[in-house]
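Everything on this sheet refers to the single structure shown next.
Below, read A as the first sequence line, B as the second, and so on, with proteins coming before strands; counting in each chain starts at 1. Note that the coordinates shown come from a computational prediction; the quantities given were computed from them, not determined experimentally.
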Protein chains: 4
Amino acid sequence: MPNAELVRKRREQILKGASKVIAEKGYQETNISDIAKELGIGHGTFYRYFDNKRHIAEQVLSYAVDQVTQLIVDVDPEAANTILDYENQLKEIGSRLFDFFNNNRELAQVFFFEAYGVDRDLTTKLQEVIELFGTYVERYLQNGCQKGYLLQDLDIEITARAINGMIFAGVLRTFQKNNGEVERDRWIKSISALMLSGMAA
Amino acid sequence: MPNAELVRKRREQILKGASKVIAEKGYQETNISDIAKELGIGHGTFYRYFDNKRHIAEQVLSYAVDQVTQLIVDVDPEAANTILDYENQLKEIGSRLFDFFNNNRELAQVFFFEAYGVDRDLTTKLQEVIELFGTYVERYLQNGCQKGYLLQDLDIEITARAINGMIFAGVLRTFQKNNGEVERDRWIKSISALMLSGMAA
Amino acid sequence: MPNAELVRKRREQILKGASKVIAEKGYQETNISDIAKELGIGHGTFYRYFDNKRHIAEQVLSYAVDQVTQLIVDVDPEAANTILDYENQLKEIGSRLFDFFNNNRELAQVFFFEAYGVDRDLTTKLQEVIELFGTYVERYLQNGCQKGYLLQDLDIEITARAINGMIFAGVLRTFQKNNGEVERDRWIKSISALMLSGMAA
Amino acid sequence: MPNAELVRKRREQILKGASKVIAEKGYQETNISDIAKELGIGHGTFYRYFDNKRHIAEQVLSYAVDQVTQLIVDVDPEAANTILDYENQLKEIGSRLFDFFNNNRELAQVFFFEAYGVDRDLTTKLQEVIELFGTYVERYLQNGCQKGYLLQDLDIEITARAINGMIFAGVLRTFQKNNGEVERDRWIKSISALMLSGMAA
DNA sequence: TATGAATGAGCTTTCATTCAT
DNA sequence: CATGAATGAAAGCTCATTCAT
């Protein structure tokens with residue numbers, strides 16, 4: 001096995017182990033030796049692959065963010081031509097997000113909670129990612145307004161972030177209740193309904 | 001002044017100073033002596049009013065939560081009889097929340113970020129508060145359904161949390177952008193619009 | 001006791017204890033906890049008075065250098081008018097140096113050996129002190145040439161350092177052999193003889 | 001090439017590399033991997049030729065000491081019959097020493113500084129070498145007294161070490177100022193002058 | 001009641017050394 | 001014979017907490 005490949009593999013192993021321990025104990029309560037113990041390696045080995053404790057937290061978050069980002073990039077914000085198209089897109093992305101965080105509970109824990117306990121920089125980084133999601137949703141709304149199936153006077157900037165707020169609230173709640181399928185569809189349905197027609201009788 | 005009153009006052013002073021320092025430096029980066037220095041007291045004095053570092057964090061969060069809770073308790077979830085009443089209630093509560101977090105930036109910082117950096121227990125506590133807000137919003141929706149101005153088949157439990165997600169997203173974003181008034185009204189308007197009629201053309 | 005006075009006293013106590021331990025075990029082999037143990041204090045206390053391990057080494061050396069410098073500053077390089085005056089000055093300073101290092105063996109150990117084991121900076125600092133001694137001896141020679149009792153064509157710069165070399169060699173050797181009085185006078189006599197008339201028959 | 005020869009050669013290569021790195025960074029600051037990197041070998045290889053870090057320091061010093069010793073062993077302390085002979089011997093040995101340390105700066109650095117940073121044992125070893133030089137100079141003086149060209153009542157033991165002190169002071173200073181030729185001759189001349197006739201007018 | 005000097009548990013990190021490949 | 005991945009002893013340092021004054 002070429003050396004670079006081994007390094008990549010080891011790094012990933014440690015990343016996995018660290019995610020698990022951090023998700024379980026919390027970042028501050030996690031010692032490097034906890035991670036080492038989890039992996040059955042000497043704690044000195046950890047430092048061969050990561051600079052320091054901060055570094056692993058950053059990498060775990062980066063990994064989570066990358067994975068989440070992968071979930072949405074292949075859906076084209078300009079693809080929908082009717083409100084029905086859009087609703088389907090919504091349901092598709094929603095399903096992916098809900099499923100991802102429910103199937104990757106450790107990453108979810110880090111994404112939603114632990115990152116804030118590391119330091120200001122990482123908190124900021126996470127906020128930037130959420131903001132990125134905001135701009136992404138903006139593009140969907142933009143498209144809807146242009147195509148005419150969304151209200152012309154929509155406050156796109158704000159509405160995009162509001163929608164994001166609902167989605168993250170839902171993802172977080174199903175993650176916490178750990179009742180996967182059960183609530184997932186109710187959330188997707190409720191969010192879609194609110195977005196498309198509101199709740200007035 | 002009775003002794004107990006003096007103690008209460010001192011406790012509050014320390015709470016204020018601690019809020020400020022924690023909001024500025026972050027919980028983990030805050031030393032007890034930083035708080036003492038901020039207040040011009042000996043750091044031993046701190047321990048006469050709070051058990052330990054954890055305790056002050058808990059108190060700061062409790063204080064923030066109490067304040068926020070005060071903002072909504074005097075609005076009666078059963079008061080609205082028409083969708084217009086409800087819209088006005090919504091706008092009232094929204095305004096209060098936006099204003100509160102913008103005018104109490106230190107508490108906002110603790111509420112939105114620092115609490116997660118303390119430990120699992122406090123994170124859980126914060127989640128419970130948010131859940132409480134969820135049940136509160138449920139009552140508004142319940143009332144709307146009963147009175148007939150909201151959709152009969154509304155998924156109340158989920159929708160309530162979705163609305164909360166929007167509100168907190170908005171409050172957090174205006175707090176972070178620190179542009180108070182400017183975006184506040186756009187958020188309230190956008191959220192109300194989504195809730196009541198959605199965004200379909 | 002005023003606070004500043006207490007701090008000064010404590011610092012001095014620690015300095016003494018550190019000198020002892022460093023002289024006994026060597027700088028590298030000395031742990032902060034060794035110093036603390038020697039003094040019967042907690043090792044955290046050490047850090048209330050000194051920034052870090054490096055700091056104490058620097059202070060110990062500084063202290064030694066100050067003490068040694070005190071030994072020579074009150075002898076006026078311009079005071080001697082005859083070669084006999086000069087010889088007496090020589091014997092006076094020599095006696096002081098020999099006695100000092102024999103009576104302050106811990107400082108001697110640090111001065112002659114340990115300082116080099118700390119780092120480049122401290123080594124340089126020590127070299128600068130020795131150079132300072134060189135310039136000081138130069139002034140004696142300068143005076144002797146001007147007054148006419150020393151050779152007119154003396155290479156003052158070099159000769160001054162050569163004399164220093166003899167003195168330090170002697171001080172170091174009597175320190176190491178720890179035979180104080182016994183060799184001291186032989187050294188002073190031999191160095192004086194060499195300086196004044198050489199050893200040719 | 002016989003195996004033993006290969007080993008000898010490798011050992012010497014590593015010794016050279018180690019000397020360089022130790023002289024550059026200082027013994028304590030030098031890692032085994034620094035030495036390996038310098039030589040372009042794996043750091044495990046180092047341990048095939050030297051027992052441990054301490055061992056290489058010892059060997060580097062031994063090597064330096066051997067080289068220096070080589071410089072003086074071929075001059076016969078009993079060869080000089082007149083004070084002029086002796087003066088020439090002096091100048092010969094002086095020149096060699098000055099040149100050696102100026103042309104082997106890495107060894108000089110180790111000899112004068114780094115050896116003290118290793119441990120007590122090595123420091124002692126170095127002191128023994130210097131003492132050896134002392135006994136060697138003694139033999140020259142002994143010869144001079146016997147032959148009658150040096151003072152009969154010379155304190156040979158002490159004077160020998162005093163002379164050594166001058167020589168090492170000079171060698172060290174020219175090494176540090178790195179001005180080779182320029183000061184070398186002034187030192188040799190000044191030391192000779194002091195030794196033979198002193199500096200009285 | 002207020003103080004801050006003293007404390008040491010407990011952490012992160014380094015790096016000489018080993019040994020399987 | 002050469003390598004470098006793995007290791008863990010060992011050290012410096014921080015800071016929440018205590019308690020004598």
Side-chain angles (χ1 to χ4, degrees), chain A residues 1 3 6-7 9-11 14 28-37 39-56, chain B residues 3 6-7 10 14 28-37 39-57, chain C residues 1 3 6-7 9-11 14 28-37 39-56, chain D residues 3 6-7 10 14 28-37 39-57:
Chain A
M1 192 189 308
N3 181 276
L6 186 96
V7 166
K9 234 180 162 172
R10 213 91 175 80
R11 230 189 272 275
I14 296 176
Q28 294 293 343
E29 282 70 29
T30 298
N31 303 346
I32 297 301
S33 60
D34 292 327
I35 297 174
K37 227 169 285 168
L39 290 160
I41 64 174
H43 69 271
T45 306
F46 172 90
Y47 285 95
R48 289 182 55 77
Y49 296 94
F50 294 92
D51 297 339
N52 48 43
K53 191 181 170 185
R54 175 62 179 19
H55 191 205
I56 193 83
Chain B
N3 182 277
L6 196 103
V7 166
R10 207 90 169 87
I14 296 177
Q28 294 293 344
E29 283 69 30
T30 297
N31 303 345
I32 297 300
S33 60
D34 291 328
I35 298 173
K37 224 171 285 165
L39 291 160
I41 64 173
H43 68 270
T45 307
F46 172 90
Y47 285 90
R48 299 189 57 76
Y49 296 94
F50 294 91
D51 297 340
N52 49 43
K53 190 182 173 185
R54 173 70 191 349
H55 190 204
I56 192 88
Chain C
M1 193 190 308
N3 181 276
L6 185 96
V7 166
K9 234 179 160 172
R10 213 90 175 82
R11 228 188 273 275
I14 296 177
Q28 295 293 344
E29 283 70 30
T30 298
N31 303 343
I32 296 301
S33 60
D34 292 327
I35 297 174
K37 227 169 283 167
L39 290 160
I41 63 174
H43 69 269
T45 306
F46 171 90
Y47 286 95
R48 289 181 55 77
Y49 297 94
F50 294 92
D51 297 339
N52 48 45
K53 191 182 171 185
R54 174 63 181 10
H55 191 204
I56 192 83
Chain D
N3 182 276
L6 197 104
V7 166
R10 208 92 169 85
I14 296 177
Q28 294 293 344
E29 284 69 30
T30 296
N31 303 345
I32 296 299
S33 59
D34 291 327
I35 297 174
K37 223 171 285 164
L39 291 160
I41 63 173
H43 68 271
T45 307
F46 172 90
Y47 285 91
R48 299 189 57 74
Y49 296 94
F50 294 90
D51 297 340
N52 49 42
K53 190 181 173 187
R54 173 69 186 358
H55 190 204
I56 192 87

Between [X] and [Y], which heavy-atom pair has the shortest distance, and what is it?
{"X": "D/His43", "Y": "D/Ser33", "result": "CB-CA, 4.1 Å"}
{"X": "D/Gln28", "Y": "D/Lys53", "result": "O-NZ, 3.7 Å"}
{"X": "B/Tyr47", "Y": "B/Ile32", "result": "OH-CG1, 3.6 Å"}
{"X": "D/Ile56", "Y": "D/Ile14", "result": "CD1-CG2, 4.0 Å"}

Options [options], nucleotide nearest the side-chain atoms of [X]:
{"X": "C/His43", "options": "E/dT13, E/dG8, F/dA6", "result": "E/dG8"}
{"X": "C/Asn3", "options": "F/dA5, F/dC13, E/dA5", "result": "E/dA5"}
{"X": "C/Thr45", "options": "E/dC15, E/dT7, F/dT3", "result": "E/dT7"}
{"X": "D/Arg48", "options": "F/dC1, F/dG4, E/dT13", "result": "F/dC1"}
{"X": "C/Leu6", "options": "E/dT18, E/dA5, E/dT14", "result": "E/dA5"}
{"X": "D/Asn31", "options": "E/dA16, F/dC13, E/dA6", "result": "E/dA16"}
{"X": "D/Ile32", "options": "E/dA16, F/dT17, E/dT12", "result": "E/dA16"}

Atom pair distance, as rounded to whole Å: [atom1] in [X] and [atom2] in [N]:
{"X": "C/Arg11", "N": "E/dA6", "atom1": "CZ", "atom2": "P", "answer": "12 Å"}
{"X": "A/Glu29", "N": "F/dA16", "atom1": "CD", "atom2": "P", "answer": "14 Å"}
{"X": "D/Asn52", "N": "E/dC15", "atom1": "CG", "atom2": "P", "answer": "17 Å"}
{"X": "C/Asp34", "N": "F/dA11", "atom1": "CG", "atom2": "P", "answer": "8 Å"}
{"X": "B/Phe46", "N": "F/dC19", "atom1": "CZ", "atom2": "C1'", "answer": "17 Å"}
{"X": "A/His55", "N": "E/dT13", "atom1": "NE2", "atom2": "P", "answer": "12 Å"}
{"X": "B/Lys53", "N": "F/dA16", "atom1": "NZ", "atom2": "P", "answer": "5 Å"}
{"X": "C/Lys9", "N": "E/dA5", "atom1": "NZ", "atom2": "C1'", "answer": "15 Å"}

Review point. Is there a Watson-Crick or G-U wobble partner for E/dA5 with both distances under 3.5 Å, and if so, which one is it?
Key: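 Looking at the geometry, E/dA5 pairs with F/dT18.
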Point to revise | 5′-ward residue of the pair D/Gln28/A/Gln28 relative to DNA chain E | key: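 Its nearest nucleotide lies further toward 5', so the answer is A/Gln28.
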Exercise for review: Nearest-nucleotide wise, let me know which of B/Ser33 and A/Gly44 is further upstream toward the 5' end of DNA chain F.
Suggested key: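 Nearer the 5' end of the strand: A/Gly44.
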Practice item. By nearest nucleotide on DNA chain F, pick out whichever of B/Thr30 and D/Gly42 is the more 5' one. Key: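 This one resolves to D/Gly42.
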Review point. Within the side chain of C/Asn31, is there an N or O that forms a donor-acceptor pair under 3.5 Å with the backbone of C/Asp34?
Key: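 No, C/Asn31 side chain to C/Asp34 backbone: no donor-acceptor pair under 3.5 Å.
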Point to revise | Heavy-atom side-chain proximity of B/Arg48 to B/Ile41 below 4.5 angstrom | key: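 A side-chain contact is absent here, since even the closest heavy-atom pair is not under 4.5 Å.
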Review point. When all nucleic acid strands are considered with a 4.0 Å heavy-atom cut-off, which category describes D/Arg10: base, sugar-phosphate, or nothing?
Key: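 Contact class for D/Arg10: sugar-phosphate only.
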Exercise for review: Assign D/Tyr49 to base, sugar-phosphate, or nothing according to its heavy-atom contacts below 4.0 angstrom with the strands shown.
Suggested key: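 Sugar-phosphate contact only.
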